[in-house]
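Since the structure comes first, as structure tokens, the remarks are kept for the end.
Start at 1 and go down the list; that is how both ligands and their atoms are numbered.
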Amino acid sequence: MAEKLWDGRFDIPTDKSVERFTSSIATDSRMFREDIEGSIAHSRMLVAAGILSSEEADAIEKGLREIEKDIAEGRFVHDDSLEDIHMHIESALTEKIGDTARKLHTARSRNDQVALDVRLWLRRETEEIIAGLHALRRAFVDLAEAHMGVPMPGYTHLQRAQPVLFSHHMMAYYEMFTRDAERFKDALKRINVLPLGAAALAGTPHPIDREMTRRLLNFPMVSANSMDTVADRDFVAEFLSCASICMMHFSRISEELILWSSSEFAFIQLSDAFTTGSSIMPQKKNPDIPELVRGKTGRVYGHLMNILTLMKSLPMAYNRDMQEDKFPLFDGVDTLKSVVDIYIRMLPNMKVLSERMRTSCEKGFLNATDMADYLVEKGLPFRKCHSVVGKAVAYALSLGKELQDLSFEELKGFSDLVEDDLFEALSVESMINRRTSAGGTARENVQKAVDTAREVLAKEQV
Ligand code: ARG
């Protein structure tokens, strides 16, 4: 049995069932690199503080690097009696270099150590997610540019409303994922704070130099209050909250891709390489990726609820409950990253069925508002126009026709203001291109949005 690092005050050994129950090594071992980086920085700082000699710090660093290699190459044995990654590494170090290893934990507690490891880990993951979102946003802009000019029905209440450009629809997702990237960048400011030096909860009497540790580990700032430092998991909740909003966006595009690839819509075709078949129905080609993404959204929301509930009502400062933060955080990160990654691969392989989108704009009175707007331009108050067009729609419906299928005389019958330029105003192209208000779907606007997005993406360093 491994020697406990805290066995001084205990008379009998820990029950095996307790070791199994309290151990977190199966989950937190994935932070081993961060744990080792943190310990090396801490030991260098202890040299400057006169607590370690530089020979001792060198021995510690050399031992830790060997352990890092052992773990990376799968030569590291987990032992529940050593609880977590922090104690596993310290115990392995003691085995390697002897008593010097026992000095490493001076002026440090596992409470600030674990906070450090999680922050270092999450900082790198968040940067990777921001980079992934950059590529995803580029994929939406690419789609918008490749299919510029293709009209599709725009929906409200999932009922055909007014025609829009398919590119406009894609750029709407560009906007959503851009906000997500900004949210992650903002969260990063609060993730990227050095907790080490808070010790157990009250600070330490040793003459440590937190500023030096901050520099060594490349943090922009040092945490202020030692109690808050070890008790704080806001940054985990905040990350998962950003991740949840981002997944919500993914669930929306996923729902649309699922609808659009049905024969009812038939607006897109997902590539064979990114769909699966049915084991019983030979004709089926299923949009499993968007379906799973939609499903995984619930999983990430669950992790956010998990953290909020975990932290609810916890008294100051560290409580063992907090060990439970790692599973939801790790799985939240893994899930989001896998979703970003599969979308970056799937989107460019999607086929856009532009003819079908275009012809769908011809049915469902998508030009009714435009007929009203036409009459407004001829001087009729909008509410009156609304009722005139309503009557025209009802008449066309009774004949099984669309407004543009009615004759000039029939249309003139609803208002004297109708001239033969009405047909041009009711055409899909004209409806789209007249919507030049800022943010509207006119082609020139959408092209400008694409150009701006390209400039924004080019300026971002990833
Ligand atoms: N395994 C613990 C965690 O993840 C590390 C901190 C434990 N601290 C303690 N005093 N037991 O939260």
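- For the side chain to side chain contact (heavy atoms under 4.5 Å, CB included) criterion with S360, the lone passing option out of R160, M152, E355 is R160.
- Classification of R65 and E37 as a salt-bridged pair holds, one side-chain N sitting under 4.0 Å from a carboxylate O.
- When hydrogens are left out, the protein atom nearest atom 6 (C) of ligand 1 is Y318 OH, 3.4 Å; that is the closest non-hydrogen contact.
- Polar contact with ligand 1: absent for E83 (N/O pair, distance under 3.5 Å).
- What sits closest to atom 9 (C) of ligand 1 on the protein, heavy atoms only, is N111 OD1, 3.6 Å.
- Both cation-pi conditions hold for R119 and F235: the charged atom is under 6.0 angstrom from the six-membered ring centre and inside a 45 degree cone around its axis.
- Remark: R356 is not positioned above the aromatic ring of F267, lacking an NZ or CZ atom under 6.0 angstrom from the ring centre and at most 45 degrees off the axis.
- Contact atoms of ligand 1 toward S24: 1 (N) (distance under 4.0 Å to a heavy atom of the residue).
- Atom 11 (N) of ligand 1 has R110 NH2, 3.5 Å as its closest protein atom, hydrogens excluded (heavy atom only).
- Every atom of ligand 1 is numbered from 1 in the order shown, and the set under 4.0 Å from a heavy atom of D84 is 1 (N), 2 (C), 5 (C).
- Residue-level proximity to ligand 1 for K326 is carried by the side chain, the only part with a heavy atom below 4.0 angstrom.
- For a threshold of 3.5 Å applied to N or O pairs, the pair formed by H86 and ligand 1 contains no separation below that value.
- A cation-pi contact, defined as under 6.0 Å to the ring centre and within 45° of the axis, links R123 to F219.
- When side chains are defined from C-beta on, S29 counts as touching H78, because their heavy atoms get closer than 4.5 Å.
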